[in-house]
There are 2 protein chains.
Amino acid sequence: MESSGGIRERVEDYLAAIYRLRGGPELPLSLTALGEYFGFSPVSIHEMILKLSQQGWIHYYPYRGVTLSAQGEAVALALLRRHRLWERFLTDMLDVPWAEAHEIAGALEHAAPESVTERLSTLLGDPVSCPHGVPIPPSKRTYIDTCLRQVPVGARGRVTRIAPESGDVLRDVQAWGLLPGCQITVIEQQAAEIVVQVEERLVSIPLESANVIWIEVL
Amino acid sequence: MESSGGIRERVEDYLAAIYRLRGGPELPLSLTALGEYFGFSPVSIHEMILKLSQQGWIHYYPYRGVTLSAQGEAVALALLRRHRLWERFLTDMLDVPWAEAHEIAGALEHAAPESVTERLSTLLGDPVSCPHGVPIPPSKRTYIDTCLRQVPVGARGRVTRIAPESGDVLRDVQAWGLLPGCQITVIEQQAAEIVVQVEERLVSIPLESANVIWIEVL
DNA sequence: AAAAATTATAAGGTACACCTTATAAAAATT
DNA sequence: AATTTTTATAAGGTGTACCTTATAATTTTT
Ligand SMILES: [Mn+2]
Ligand SMILES: [Mn+2]
Ligand SMILES: [Mn+2]
Ligand SMILES: [Mn+2]
């Protein structure tokens with residue numbers, strides 16, 4: 001229901017706001033500027049900043065401001081990319097007025113996973129700027145992957161990643177010879193497992209494990 | 001930021017779930033069935049049901065279950081329409097796998113306003129069923145309107161509604177002769193007001209009022 | 001009618017992200 | 001150096017929507 005426990009919406013919005021408002025990567029952004037942007041009280045901003053700092057998304061220099069950590073910047077860029085792609089979709093394909101698109105994209109950016117937004121980028125012809133002229137940050141991943149559980153029978157693909165990682169699954173994946181990069185074909189979908197072909201071998205994968213194996217369908 | 005105070009996401013999800021799970025309009029749906037659907041504890045479901053009942057979205061018959069009020073059913077149908085249109089978009093235009101589309105649409109359905117979803121319906125050719133074969137409830141409104149504030153200079157249109165309503169604005173709207181149904185042309189956008197032509201007259205509308213006047217651009 | 005099962009309610013708790021008021025600390029200005 | 005302004009922190013509160021444990025009321029089954 002609730003998007004399965006990724007990064008919270010507010011966290012993403014704060015990180016992207018810091019990216020948008022800051023003067024440069026090393027210039028701390030004052031909490032006052034953030035407070036004005038969001039229209040929240042200084043105390044609330046401060047509270048949230050402490051949390052973001054504890055969680056490693058930002059660096060907080062009291063009385064000076066905040067900068068993004070490497071992790072935080074990655075999240076901000078990913079969000080801004082999704083934001084601007086949705087803006088393009090709204091204005092280019094749905095004829096939503098320019099001024100409205102920004103606000104609506106502010107919600108859509110959190111509602112669709114990155115994989116969907118990458119497909120959207122393809123549909124739009126991989127635009128490089130939003131309707132307001134701002135550059136769209138490039139995608140980091142060069143592939144689009146799908147959870148093995150969702151790959152239709154008969155499809156060929158490449159294992160891209162095991163995520164979320166857990167020791168048990170990683171051991172199984174290794175035993176099955178399903179390491180990232182290897183090519184597979186989905187042979188059969190059963191009630192409790194999925195049969196895939198890896199090179200000459202057939203492997204039966206419990207659905208639970210299939211949930212964390214990601215495939216780029218080729 | 002947070003979509004300006006409409007119906008809360010959870011309220012919409014509960015109402016649509018009741019619609020989906022019920023046997024018929026008059027057959028009460030047991031709280032147990034709802035609890036199983038959401039995976040929440042019986043106490044939590046009960047708590048939420050009391051709130052929804054107090055707010056008039058549902059009728060609660062203790063020990064028997066809940067039915068939707070007329071209002072509640074309208075919300076459920078609107079949400080299911082948005083849900084199924086987004087599913088169609090995901091599968092038809094983005095090639096998102098069938099099984100994934102449902103879950104993603106479960107978030108998108110709340111993120112885009114009805115007006116945007118109606119434009120999406122047009123783009124998709126007004127489909128009548130979702131990718132899983134379920135009928136898409138029809139749209140109640142036959143027009144798509146835009147807030148006057150967003151209508152570009154030069155556009156012609158028809159006043160559709162004043163919303164949200166407030167006594168002061170309604171009086172002004174009447175004085176200006178801008179009642180629903182009348183035709184207007186946007187003449188000029190200034191810092192604090194918008195000038196529109198109504199028949200032979202020019203009217204200056206403060207931006208504040210322009211926010212609650214809705215126009216079907218023709 | 002009694003026992004068992006289901007459903008409701010009471011009581012207390014959690015996380016999140018906002019709020020206000022008051023005080024303390026640091027920085028900037030005079 | 002003293003004053004003013006800005007920024008931080010402490011303390012207490014709100015609403016939403018979940019949780020558990022325990023008890024009460026009702027319905028269903030025996
Ligand atoms: Mn946002
Ligand atoms: Mn933009
Ligand atoms: Mn939903
Ligand atoms: Mn469907």
Side-chain angles (χ1 to χ4, degrees), chain A residues 1-18 21-23 27-67 72 75 79 106-107 109-111, chain B residues 1-18 21-23 27-67 72 75 79 106-107 109-111:
Chain A
M1 207 103 279
E2 203 104 287
S3 53
S4 58
I7 301 171
R8 298 205 83 75
E9 189 165 324
R10 266 296 189 255
V11 170
E12 290 188 312
D13 280 337
Y14 268 83
L15 298 177
I18 294 167
L21 299 175
R22 73 182 186 184
L27 286 178
L29 175 75
S30 76
L31 304 210
T32 311
L34 261 182
E36 275 157 20
Y37 179 78
F38 282 115
F40 297 156
S41 79
V43 178
S44 297
I45 297 286
H46 184 257
E47 219 167 54
M48 189 68 172
I49 286 303
L50 288 185
K51 255 187 262 172
L52 295 178
S53 171
Q54 276 160 17
Q55 293 168 7
W57 300 115
I58 60 172
H59 304 296
Y60 174 39
Y61 308 104
Y63 297 102
R64 304 196 42 234
V66 289
T67 59
V75 169
L79 184 71
E109 66 194 2
H110 309 283
Chain B
M1 208 103 278
E2 204 103 283
S3 54
S4 58
I7 301 171
R8 298 203 76 75
E9 188 165 325
R10 267 295 190 255
V11 170
E12 291 188 310
D13 281 338
Y14 269 83
L15 298 177
I18 293 168
L21 299 176
R22 74 183 186 182
L27 285 179
L29 174 75
S30 77
L31 305 210
T32 310
L34 262 183
E36 274 158 20
Y37 178 78
F38 283 115
F40 297 155
S41 80
V43 179
S44 298
I45 296 285
H46 184 259
E47 220 168 52
M48 188 68 173
I49 285 304
L50 288 185
K51 254 187 262 173
L52 294 178
S53 172
Q54 275 160 18
Q55 293 167 8
W57 300 115
I58 61 173
H59 304 296
Y60 174 40
Y61 308 102
Y63 295 102
R64 305 192 45 232
V66 288
T67 59
V75 169
L79 184 71
E109 66 193 3
H110 309 283

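Computed over heavy atoms, backbone and side chain alike; hydrogens, waters and symmetry mates excluded. Chain letters run A, B, ... following the sequence lines, proteins first and then strands; every chain starts at 1.
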For [X], which contact category applies under a 4.0 Å heavy-atom criterion: base, sugar-phosphate, or nothing?
X: A/Gly39; answer: sugar-phosphate
X: B/Thr32; answer: sugar-phosphate
X: B/Tyr61; answer: nothing

Could you tell me the separation between the [atom1] atom of [X] and the [atom2] atom of [N], rounded to a whole number of Å?
X: B/Leu34; N: C/dA8; atom1: CG; atom2: P; answer: 11 Å
X: B/Glu9; N: D/dA17; atom1: CD; atom2: C1'; answer: 12 Å
X: A/Phe40; N: C/dC19; atom1: CZ; atom2: P; answer: 6 Å
X: B/Glu36; N: C/dT6; atom1: CD; atom2: P; answer: 11 Å
X: A/Tyr63; N: C/dA26; atom1: OH; atom2: P; answer: 5 Å

Next item on the list: Name the residue closer to the 5' end of DNA chain D, choosing between A/Leu31 and B/Val11 according to the nucleotide with the nearest heavy atom.
Entry: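 Between the two, 5'-proximity favours A/Leu31.
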Notebook entry, point to check: Looking at D/dC19, C/dA17, D/dA25, which one has an atom nearest to any side-chain atom of A/Arg8?
Noted result: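 When the side chain of A/Arg8 is considered, C/dA17 is the closest of D/dC19, C/dA17, D/dA25.
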Item checked: Shortest non-hydrogen contact between A/Ala17 and A/Phe38, atoms and distance ->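 Smallest interatomic distance, heavy atoms only, reads CB-CZ, 3.7 Å.
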Item checked: For B/Val75 against B/Glu12, the heavy-atom pair lying closest together ->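 Closest approach of B/Val75 to B/Glu12, heavy atoms only: CG1-CG, 4.1 Å.
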Next item on the list: Would you tell me if any nitrogen or oxygen in the side chain of B/Tyr60 comes within less than 4.0 Å of OP1 or OP2 on C/dA8?
Entry: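 Affirmative; the distance criterion is met.
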Check: Closer than 4.0 Å, any side-chain N/O of B/Tyr14 to the OP1 or OP2 of D/dA17?
Finding: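 No, outside the criterion.
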Roughly how far, to the nearest 0.5 Å, is [atom2] of [Y] from [atom1] of [X]?
X: A/Leu27; Y: A/Leu21; atom1: CG; atom2: CG; value: 13.0 Å
X: B/Ile58; Y: B/Thr67; atom1: CD1; atom2: OG1; value: 8.0 Å
X: A/Asp13; Y: A/His110; atom1: CG; atom2: NE2; value: 3.5 Å

Checklist line | Mutual orientation of the aromatic rings belonging to B/Tyr61 and B/His59 [parallel < 30°, tilted 30-60°, perpendicular > 60°] | finding: tilted
Notebook entry, point to check: What is the ring orientation for B/Tyr14 with B/Phe40, classed by angle as parallel under 30°, tilted 30 to 60°, or perpendicular over 60°?
Noted result: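 Tilted, since the angle between the ring planes falls between 30° and 60°.
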Item checked: Residue-level proximity of residues 41-55 of chain A to DNA chain D when a heavy atom falls under 4.0 Å ->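 The answer is A/Val43, A/His46.
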Checklist line | Pairing partner (Watson-Crick or G-U wobble, both distances under 3.5 angstrom) of D/dT30 | finding: C/dA1
Notebook entry, point to check: Taking any strand in view, what nucleotide pairs with C/dA25 in a Watson-Crick or G-U wobble way, both distances under 3.5 Å?
Noted result: D/dT6
